[in-house]
Amino acid sequence: MHGFPSLVEIAMSEEELSDQEQQRRVKLARLREAGVDPYPARVERTHTAAEAVSALEGRAEGEAVVVGVAGRLVSMRVMGKSSFAHIEDDSGRIQLYVRSDVLGEEAYELFKRDLDLGDFVQASGETFYTRTGEPSVRVDELRLLAKALQPLPVVKEKDGQVFDAFTDKEQRYRQRYVDLAVNPEVREIFKTRARIISAIRRFLDERGFLEVETPVLQPIYGGAAARPFVTYHNQLKQQLYLRISDELYLKRLIVGGFEKVYEIGRDFRNEGVSFKHNPEFTQIEFYKAYADYRDVMELAEQMVAYAAQEALGTTTITHEGQEIDLSPPWRRWKLRDAIRELTGIDYAEHEDAESLYQAIVRMGGTPEKKSTWGKLIDPTLINYVESKLIQPTFLYDYPLEVSPLAKKKPGEPDIVERFEFFIGGFELGNAFSEINDPLDQRERFLATSEALADGDEEAHPLDEDYVRALSYGMPPTGGFGMGIDRLTMLLTNTDSLREVILFPHLRSRE
RNA sequence: GGGCCGUUAGCUCAGUCAGGCAGAGCAGCUGCCUUUUAAGCAGCGGGUCGAAGGUUCGAAUCCUUCACGGCUCACCA
């Protein structure tokens, strides 16, 4: 008419689109021409899928329950004048039974021809059980809520076997929305993650800890051995760093008089990416005044067990095929003993770096030649120990040199009151009795800032204001840090941080 | 950064060893089908074989380079 191309003809002329995309645009155009709004603003939903199912379960036979449900079309089986379909919402799936004679012929034809898997729809009608006993909605009204123009991967399942799953890791991470849309078990991982975090909050809140927020943008970084991301504030003409840990600010708060503080937040480290490293990750840190690293051990094992119990309903978990018992108390193993037992090297017998280096080489290791004594122990030696620590284990009493913020152990000048803990063969966290002697802290900073100047890019710079804070007096304090992503990985039985981070970092594509 | 492996239809994957018309299932389209559930039956479309270059009469296949990813080593207390 009038020689103008119809919407359908325009849709079909989009040549750069795949045939399935073109089909969907044709359907969209046809729907519009039939007077259907493919993206209406209003929804009339009375039940979620799960609610509709349980409402039916509660009723006597023959008693009608009318529901309005809404969700994404995830399956369609068209059999002439009747069809079965499933819609999925956040609560689960429910089957729709669509009959031409109930819905009306015109609406039924539109459903059959112009709706696709992936579209969002609203359906209302009475619930009933089909011949095979599946709760379903006999649809007397069906309305499109949102037309999908891209086909979703079609994942099918029978007898627990999954067909054509959407599994390509790169695509799953780059298009996480597709991953989440078609893989319900992926959604479950992130629900578990949220339960873990809320359990940790509850655990600390119940014990009188105050949740605080400290700067992410910092004029000087510290609290961990890592290279920072650098950024710049235009107005202030000032270089800033994205924090590598929360530590030094949280301890300033202990100086200020708070006795128990914690922060759950994002840290950023400019280093390699691996199954247990992502450039940005979530860490929980807490600090407790009038406590030492032994008190912190008890809190740590209780907190992790509590998080597992709350998130999973059990403290016995399976990770990578190994059964792990998270219930306290956990094994406490002196670092020196653990290394001696698992590698045969007693580092206390090797007083200088050269001697220790030779011992590691004799054991078959390949340490870095230029490493200092402390750097040979951690990480080189711990690498041999870490993977063997499947059941929860505290390794404690670390060499002073690699622990510039931890308090010296009384009577052992080269050892500090520090522990790291390991579960499932990797490190989850790190803690110590905090240095509260400002002069000692200053000396330690001087040593690390020299190392930084000598080219150790992960060493601490000197934070004068932090030393000044300590000089106003800080009570004896126990501090703790743990990777939330790694804990989630452990509790969801996944083998990579990327599985528990919604949008993990990937290299940009051209 | 090193080593190994991968990238083929919307999705999952054959085909690469040994060069010879680019395939299957699901999804899509057309037709049939009013209790199905990986629905079924019949038919039909759908491809920059990651990119570029090279070898060859002929390249998804062999060679080179590049991009992206996976695993792994190094790095990451």
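Residue numbering restarts at 1 for every chain, and letters A, B, ... go by the order of the sequence lines.
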- Length of the CD-P vector between E170(A) and U12(B), whole Å: 12 Å
- Assign T130(A) to base, sugar-phosphate, or nothing according to its heavy-atom contacts below 4.0 angstrom with the strands shown. base
- Is there a Watson-Crick or G-U wobble partner for A18(B) with both distances under 3.5 Å, and which nucleotide is it? none
- Across all strands, who's sitting opposite G25(B) as a Watson-Crick or G-U wobble pair, both distances under 3.5 Å? C11(B)
- Message: Within the 4.0 Å heavy-atom criterion, would you say E21(A) contacts the bases, only the backbone, or no part of the nucleic acid?
- Response: nothing
- Starting at CZ of R172(A) and ending at P of U12(B), how long is that distance when rounded to a whole Å? 11 Å
- Query: P atom, U16(B) versus C62(B): distance in rounded Å?
  - Reply: 9 Å
- Please state the C1' separation for the pair A51(B) and U8(B) - nearest whole angstrom. 14 Å
- Task: Could you pull out the closest heavy-atom pair between A49(A) and D89(A), with the gap in Å?
- Result: N-OD2, 2.8 Å
- Closest to side chain of R498(A), choosing from U36(B), A38(B), G70(B): G70(B)
- Message: Applying a 4.0 Å non-hydrogen cut-off, can you work out what E134(A) is touching in the nucleic acid: base, sugar-phosphate, or nothing?
- Response: base
- Please measure how far the C1' atom in G6(B) lies from the corresponding atom in G15(B), and state the result in whole Å. 16 Å
- Listed nucleotide nearest any side-chain atom of Q95(A), set C71(B), G10(B), U36(B): U36(B)
- Checking C75(B), G10(B), A39(B) against the side chain of E458(A) (C-beta onward), the nearest is C75(B)
- Message: As a test of reading the structure: which of U12(B), A39(B), G69(B) is closest to the side chain of R507(A), going by heavy atoms?
- Response: G69(B)
- Using the C1' atom on both, measure C75(B) against G20(B) and round to a whole Å. 49 Å
- Message: Taking only the P atom of each, what is the distance from C26(B) to U61(B) in whole angstrom?
- Response: 29 Å
- Result of checking K408(A), R418(A), K409(A), R336(A) against D397(A) for salt bridge (charged side-chain N to carboxylate O under 4.0 Å, His left out): K409(A)
- Query: Y466(A) vs F445(A) aromatic rings, parallel, tilted or perpendicular, using cut-offs 30° and 60°?
  - Reply: perpendicular
- Give one of base, sugar-phosphate or nothing for V182(A), where a contact means two heavy atoms less than 4.0 Å apart. nothing
- Looking across every strand, which nucleic acid part, if any, lies under 4.0 Å from R138(A) by heavy atom: base, sugar-phosphate, or nothing? base
- Heavy-atom donor-acceptor pair, S91(A) side chain to A50(A) backbone, under 3.5 Å: yes
- Query: Taking for each residue the nucleotide of RNA chain B with the nearest heavy atom, is it A85(A) or V273(A) whose nucleotide lies nearer the 5' end?
  - Reply: A85(A)
- Message: Using a heavy-atom cut-off of 4.0 Å across all strands, would you classify A165(A) as base, sugar-phosphate, or nothing?
- Response: sugar-phosphate
- Could you tell me whether the side chains of H460(A) and T448(A) share a donor-acceptor contact shorter than 3.5 Å? no
- Message: So, OP1 or OP2 of C75(B): does either fall under 4.0 Å of a side-chain N or O from R269(A)?
- Response: no
- Item | Aromatic plane relationship, F419(A) with F394(A) - under 30° parallel, 30 to 60° tilted, over 60° perpendicular | perpendicular
- Could you let me know what G58(B) is paired to, Watson-Crick or G-U wobble, both distances under 3.5 Å, or none if it's on its own? none
- Task: Determine the contact category for T167(A): base if any of its heavy atoms lies under 4.0 Å from a base atom, sugar-phosphate if only primed atoms, P, OP1 or OP2 are that close, otherwise nothing.
- Result: sugar-phosphate
- Query: If the C1' atom of C11(B) is compared with that of A74(B), how far apart are they to the nearest Å?
  - Reply: 36 Å
- Query: With a 4.0 Å cut-off on heavy atoms, is F166(A) in touch with a base, just the backbone sugar-phosphate, or nothing at all?
  - Reply: sugar-phosphate
- Give the rounded distance in Å between these two atoms: CZ of R131(A) and C1' of A39(B). 13 Å
- Message: Nearest whole Å is fine: how far is U34(B) P from F111(A) CZ?
- Response: 15 Å
- Task: Could you tell me the separation between the CZ atom of R174(A) and the P atom of C68(B), rounded to a whole number of Å?
- Result: 9 Å
- Item | Nucleotide opposite C41(B) in a Watson-Crick or G-U pair, distances under 3.5 Å | G31(B)
- Do Q95(A) and R77(A) meet the criterion of a side-chain donor-acceptor pair at a distance under 3.5 Å? yes
- Query: What distance, rounded to whole Å, do you find between the two P atoms, one in G3(B) and one in G10(B)?
  - Reply: 33 Å
Dump every N/O contact between nucleotides 22-28 of chain B and the protein below 3.5 Å, one line per pair.
residue, atom, partner, partner atom, Å
G25(B), N2, D164(A), OD1, 2.9
G25(B), N2, D164(A), OD2, 3.2
C26(B), O3', K156(A), NZ, 3.0
A27(B), OP1, K156(A), NZ, 2.9
A27(B), N3, Q20(A), NE2, 2.8
G28(B), O4', Q20(A), OE1, 3.4

- Separation of atom CZ in R113(A) from atom P in C32(B), rounded to whole Å: 14 Å
- Message: Applying a 4.0 Å non-hydrogen cut-off, can you work out what F128(A) is touching in the nucleic acid: base, sugar-phosphate, or nothing?
- Response: base
- Task: Scan D168(A) against the nucleic acid and name what it touches under 4.0 Å (heavy atoms): base, sugar-phosphate only, or nothing.
- Result: sugar-phosphate
- Quantified in whole Å, what is the C1' atom distance between nucleotide A27(B) and nucleotide U48(B)? 22 Å
- Pairwise 5' ranking along RNA chain B for V155(A) and R99(A), keeping only the more 5' one: V155(A)
- Query: Can we call the ring centroids of Y396(A) and W333(A) under 6.0 Å apart?
  - Reply: no
- Message: Does U36(B) have OP1 or OP2 under 4.0 Å away from a side-chain N or O of R77(A)?
- Response: no
- Query: Are W373(A) and Y357(A) near enough that their ring centres are under 6.0 Å apart?
  - Reply: no
- Query: Which of the following nucleotides, A39(B), G69(B), U34(B), is nearest to the side chain of S82(A)?
  - Reply: U34(B)
- Take atom NZ of K81(A) and atom C1' of U36(B), then tell me their distance rounded to the nearest Å. 17 Å
- In the strands shown, is G50(B) matched to any nucleotide by a Watson-Crick or G-U wobble pair with both distances under 3.5 Å, and which? C66(B)
- Of the options E134(A), E88(A), E157(A), which is the one that meets R93(A) in a salt bridge (charged side-chain N to carboxylate O under 4.0 Å, His left out)? E88(A)
- Measure from CD on Q171(A) to C1' on C13(B) and round the result to the nearest Å. 13 Å
- Going by an N to O cut-off under 4.0 Å, is there a salt bridge joining D179(A) and R172(A)? yes
